[in-house]
Amino acid sequence: MVLLVDDDEDLVEMFVVLFTKSGIPHMTARSLAAVKALGPRVDEATIAFIDVNLGPNQPSGVAIARWLRESAPKLTIYFITGHAPDHPLVIEARGEAGEILAKPIDTRKLIEIARRAV
């Protein structure tokens, strides 16, 4: 199962349509609190796509990845971002992810990565 974490409602909706049409099981969250609210369902995820920056006054995607590493250590994590490679959050994310995917996302690549993981 795919876990998608992003604060952009339109992007989340696009991913939901994409994963649904591709037959890929998924769940979504828009913040660390929402990820935690998933409870034991988080253990069902085999891969996570997490936005690096979840907006002002919110824990970053890096904080979510670190929390997930403790809760679901076998989970493969990919970050998605529209920030430049030298942005502090992107630099911090490099040590926490399998790969960092730049926005706009290549949906074919995203589906390929997700299918390999589920």
Hydrophobic cluster membership, with links at side-chain heavy-atom distances under 4.5 Å among I/L/V/M/F/W/Y: are L11 and Y78 in one? yes

Using side-chain heavy atoms (C-beta onward) and a distance below 4.5 Å, is V5 in contact with L68? no

Under a 4.5 Å side-chain heavy-atom rule over Ile, Leu, Val, Met, Phe, Trp and Tyr, are L101 and I50 clustered together? no

Atom pair CZ (F79) and CG (L89), whose distance is rounded to the nearest 0.5 Å: 9.0 Å

Residues that A34 engages under side-chain contact (heavy atoms from CB on, under 4.5 Å), provided they are two or more places apart: A29, S31

So which heavy atom on P85 is nearest to which on V90, and how close? O-CG1, 3.7 Å

Transitively linked via ILVMFWY side-chain contacts under 4.5 Å: V2 with L18? yes

Which pair of heavy atoms, one from I24 and one from A114, lies closest together, and at what distance? CD1-CB, 3.9 Å

A side-chain contact here means heavy atoms from C-beta on lying under 4.5 Å apart; do R41 and M1 qualify? yes

Are L32 and Q58 side-chain neighbours, meaning at least one heavy-atom pair lies under 4.5 Å? no

Drop me the distance from M14's CE to D10's CG, to the nearest 0.5 angstrom. 10.0 Å

Between CG of D6 and OG1 of T28, what distance do you get to the nearest 0.5 Å? 10.0 Å

Rounded distance (nearest 0.5 Å) linking atom CD1 of I100 with atom CD1 of I77: 12.0 Å

Decide, yes or no, whether a salt bridge links R116 with E112 under the criterion of side-chain N to carboxylate O below 4.0 Å. yes

When rounded to the nearest 0.5 angstrom, what distance separates CZ in F49 from CG in L110? 4.5 Å

Here the salt bridge (Lys or Arg N to Asp or Glu O under 4.0 Å) pairs for residues 51-77, sequence neighbours left out, are D51-K103, R66-E92, R66-E96

Spell out, yes or no, whether I105 and I47 are grouped together once hydrophobic residues are joined by side-chain heavy atoms under 4.5 Å, including indirect joins. yes

Heavy atoms, side chains only, cut-off 4.5 Å: are P88 and H83 in contact? no

Please check if V118 and L4 belong to a single hydrophobic cluster, counting links between Ile, Leu, Val, Met, Phe, Trp and Tyr side chain heavy atoms closer than 4.5 Å. yes

Considering non-hydrogen atoms only, spot the tightest contact between V52 and A93 and give its length. CG2-CB, 4.2 Å

CG (N53) and CD1 (I80) are apart, to the nearest 0.5 Å, by 11.5 Å

Here's a test for you: under side-chain contact (heavy atoms from CB on, under 4.5 Å), which of L3, V16, V35 qualifies with M27? L3

Parallel, tilted or perpendicular: which describes the rings of F19 and H26, with under 30° parallel and over 60° perpendicular? tilted

